[in-house]
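Below is one structure, written out as structure tokens; the observations come after it.
Sequential numbering from 1 along the given sequence is applied to the chain's residues.
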Amino acid sequence: MKLIDIYNFLDQLSPFNNQQDWDNSGILLGNNQDEIKTVYLSLDIDENLINQAEDNSLFITHHPLIFKGLKSLANLDYPKAFIKKMIKKNISLISIHTNFDLSHLNSYFVEEILDFKIAFKDEFLIYVDQEFEFFKLCEYLKLKLQIDILKISYCGKEKIKRFAICTGSGGDLISKVQADCFLSGDFKYHQAMQAVSDGLNLIDMGHFESERYFSQCLAKDLKNLPLKVIISVSKNPFQYF
């Protein structure tokens, strides 16, 4: 299957035109007419994935390896070393990021991972109307996500009737949230200050923890294509002590 045909399939599934202005989704490496037989799905790219991948294969990642403009490929700092190794093995790269959050990943995470029913959507925000006590909701999330620690900002609102969810980094959406609690990742200090002042509870699930399901989410839609699809398990760059 040609690289451009895979791109077109993904574009129909989750239009790349819907990505955020600052995003860099699309074909980042490879030639449109390259023949692809093997696809690796991964949240991110690491050295282990590159070393184990077959030559002439394709990586489909959630996070773009290239975000900012590169003026050269000199030296081996990130991400240049990875790009050079991928070029040597003729590995192509498509990233499908904020457009896929919007079309698939947020909903998949809420329904398939957390077992919540979606009340309604507002772009990247998904709302759930379900009553919880705040700290019981925290315990529920720890169980579902199989994590030991949650970072929270508690404004004193114990009874939760509506909460909003956004995978990845949702801190910039705080001012738009119309709920008792907001679940996302990568909240900053001053964002938490704002939320507490506005009477909004925050639960920081972690960026990796909420998006690590990308590969299994996308794999469902690739199963009927004439490709060998391999799910690669990404590692969290952070550890907890």
Side-chain angles (χ1 to χ4, degrees), residues 1-109 112 123-124 167-168 208 211-235:
M1 193 170 182
K2 294 186 184 300
L3 178 63
I4 189 60
D5 294 329
I6 299 173
Y7 171 85
N8 289 336
F9 175 85
L10 294 174
D11 191 40
Q12 289 185 341
L13 180 71
S14 180
F16 286 96
N17 283 341
N18 291 339
Q19 67 182 288
Q20 295 289 280
D21 292 340
W22 50 263
D23 199 4
N24 196 34
S25 294
I27 298 177
L28 303 186
L29 199 61
N31 299 303
N32 286 349
Q33 299 305 311
D34 286 350
E35 287 288 344
I36 304 295
K37 295 182 179 179
T38 302
V39 174
Y40 297 85
L41 303 182
S42 185
L43 180 64
D44 294 292
I45 293 174
D46 59 28
E47 191 167 12
N48 184 60
L49 173 61
I50 298 173
N51 290 340
Q52 293 187 356
E54 299 176 7
D55 290 4
N56 310 310
S57 58
L58 166 65
F59 293 167
I60 301 179
T61 67
H62 189 46
H63 296 140
L65 179 63
I66 303 170
F67 254 123
K68 299 179 180 179
L70 293 174
K71 294 185 177 181
S72 78
L73 289 177
N75 302 315
L76 296 175
D77 49 311
Y78 179 88
K80 297 176 184 177
F82 288 175
I83 295 171
K84 288 179 178 180
K85 287 184 178 181
M86 291 169 64
I87 291 173
K88 285 181 179 180
K89 299 185 72 170
N90 195 32
I91 295 174
S92 302
L93 171 61
I94 297 176
S95 294
I96 181 167
H97 190 208
T98 52
N99 52 311
F100 195 71
D101 287 332
L102 193 62
S103 65
H104 287 75
L105 187 57
N106 284 341
S107 297
Y108 181 87
F109 178 72
E112 301 297 329
E123 295 185 334
F124 289 92
T167 60
F208 172 85
E211 291 194 332
R212 61 183 173 182
Y213 308 97
F214 161 76
S215 297
Q216 67 191 62
C217 177
L218 180 56
K220 299 186 308 174
D221 292 294
L222 300 182
K223 62 183 180 181
N224 293 324
L225 297 183
L227 298 166
K228 181 171 71 171
V229 178
I230 299 171
I231 293 179
S232 176
V233 179
S234 296
K235 293 183 178 180

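Within the model, atoms CG of Leu93 and OG of Ser95 stand 4.0 Å from one another, a figure rounded to the nearest 0.5 Å. In this structure, Leu76 CG and Phe82 CZ are separated by 11.0 Å, a value rounded to the nearest 0.5 Å. Rounded to the nearest 0.5 Å, atoms CG (Asn106) and CD (Glu123) are 11.5 Å apart. The OG atom of Ser92 sits 4.5 Å away from atom CG of Asp34, with the distance rounded to the nearest 0.5 Å.
By the ring pair (Phe, Tyr, Trp, His ring centres under 6.0 Å) test, His104 pairs with Phe100, sequence neighbours left out. Not counting sequence neighbours, Phe208 has no partner by the ring pair (Phe, Tyr, Trp, His ring centres under 6.0 Å) test. Contacts of Thr98 classified as side-chain hydrogen bond (donor to acceptor under 3.5 Å, both in side chains), with partners at least two apart in sequence or in another chain: Asp23. Leu227 pairs by the side chain to side chain contact (heavy atoms under 4.5 Å, CB included) definition with Met1, Ile6, Ile36, Val39, Leu225, Val229, not counting sequence neighbours. With sequence neighbours left out, the salt bridge (charged side-chain N to carboxylate O under 4.0 Å, His left out) criterion links Lys2 to Glu35. Applying the ring pair (Phe, Tyr, Trp, His ring centres under 6.0 Å) criterion to Phe124, with sequence neighbours excluded, gives no partner residue. With sequence neighbours left out, Asn18 forms a side chain to side chain contact (heavy atoms under 4.5 Å, CB included) with Pro15, Asn99, Leu102. Remark: Asn90 engages Asn56 in a side-chain hydrogen bond (donor to acceptor under 3.5 Å, both in side chains) (not counting sequence neighbours).
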Side chains of residues 212-223: which donor-acceptor partners sit under 3.5 Å, not counting sequence neighbours?
from: Arg212; atom 1: NH2; to: Leu145; atom 2: O; distance (Å): 2.5
from: Ser215; atom 1: OG; to: Leu41; atom 2: O; distance (Å): 3.1
from: Ser215; atom 1: OG; to: Ser42; atom 2: N; distance (Å): 3.4
from: Gln216; atom 1: NE2; to: Tyr108; atom 2: OH; distance (Å): 3.0

What pairs of donor and acceptor atoms, side-chain ones from residues 47-54 against any protein atom, are under 3.5 angstrom apart with sequence neighbours left out?
from: Glu47; atom 1: OE2; to: Lys85; atom 2: NZ; distance (Å): 2.5
from: Asn48; atom 1: OD1; to: Gln52; atom 2: NE2; distance (Å): 3.2
from: Asn51; atom 1: ND2; to: Glu47; atom 2: O; distance (Å): 3.3
from: Glu54; atom 1: OE1; to: Thr38; atom 2: OG1; distance (Å): 3.0
from: Glu54; atom 1: OE2; to: Lys228; atom 2: NZ; distance (Å): 2.7

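Counting only distance, with no hydrogens or angles, the side chain of Asn24 and the backbone of Ile66 share a donor-acceptor pair below 3.5 Å.
Taking 4.5 Å as the limit, every side-chain heavy atom of Asn31 sits out of range of all side-chain heavy atoms of Leu3. By the 4.5 Å heavy-atom criterion applied to side chains, His97 and Thr61 are not counted as neighbours. Between Gln19 and Ile96, every side-chain heavy-atom pair lies at or beyond the 4.5 Å cut-off. For the pair Ile91/Asp55, no side-chain contact is recorded, criterion being any heavy-atom separation below 4.5 Å from C-beta on. In this structure, Tyr40 and Ser57 have side chains that are in contact, with non-hydrogen atoms separated by less than 4.5 Å.
Residue pairs meeting the side-chain hydrogen bond (donor to acceptor under 3.5 Å, both in side chains) criterion with at least one member in residues 65-77: none, sequence neighbours excluded. Listed by first and then second residue, the salt bridge (charged side-chain N to carboxylate O under 4.0 Å, His left out) pairs involving residues 87-109 amount to none (not counting sequence neighbours).
Under 3.5 Å, the side chains of His63 and Glu211 contain a donor-acceptor pair of N or O atoms. With hydrogens and angles left out, the side-chain atoms of Ser234 and Asp44 include no donor and acceptor closer than 3.5 Å.
Using bins of under 30°, 30° to 60° and over 60° for the plane-to-plane angle, the ring pair Phe67/Trp22 lands in the tilted bin.
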>> Using side chain to side chain contact (heavy atoms under 4.5 Å, CB included), reason through Ile94 and Leu10 one step at a time and then give a plain yes or no.
In response: CA-CA 9 Å; Ile94 297 176; Leu10 294 174; 3.9 Å; yes

>> Go through it in stages, so that I can follow the logic: the residues are Ile83 and Leu70, the test is side chain to side chain contact (heavy atoms under 4.5 Å, CB included), and I'd like the CA-CA distance, side-chain angles, deciding distance and then a yes or no.
In response: CA-CA 11 Å; Ile83 295 171; Leu70 293 174; 3.6 Å; yes

>> Using side chain to side chain contact (heavy atoms under 4.5 Å, CB included), reason through Ile230 and Ser232 one step at a time and then give a plain yes or no.
In response: CA-CA 6 Å; Ile230 299 171; Ser232 176; 5.7 Å; no

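By the 6.0 Å contact criterion, NZ on Lys37 is open, its count of non-hydrogen atoms from other residues, nucleotides or ligands being 12 or less.
Taking both residues in full, the closest heavy atoms of Ser25 and Phe16 are given as CB-CD2, 3.8 Å, listed atom of the first, atom of the second, then distance.
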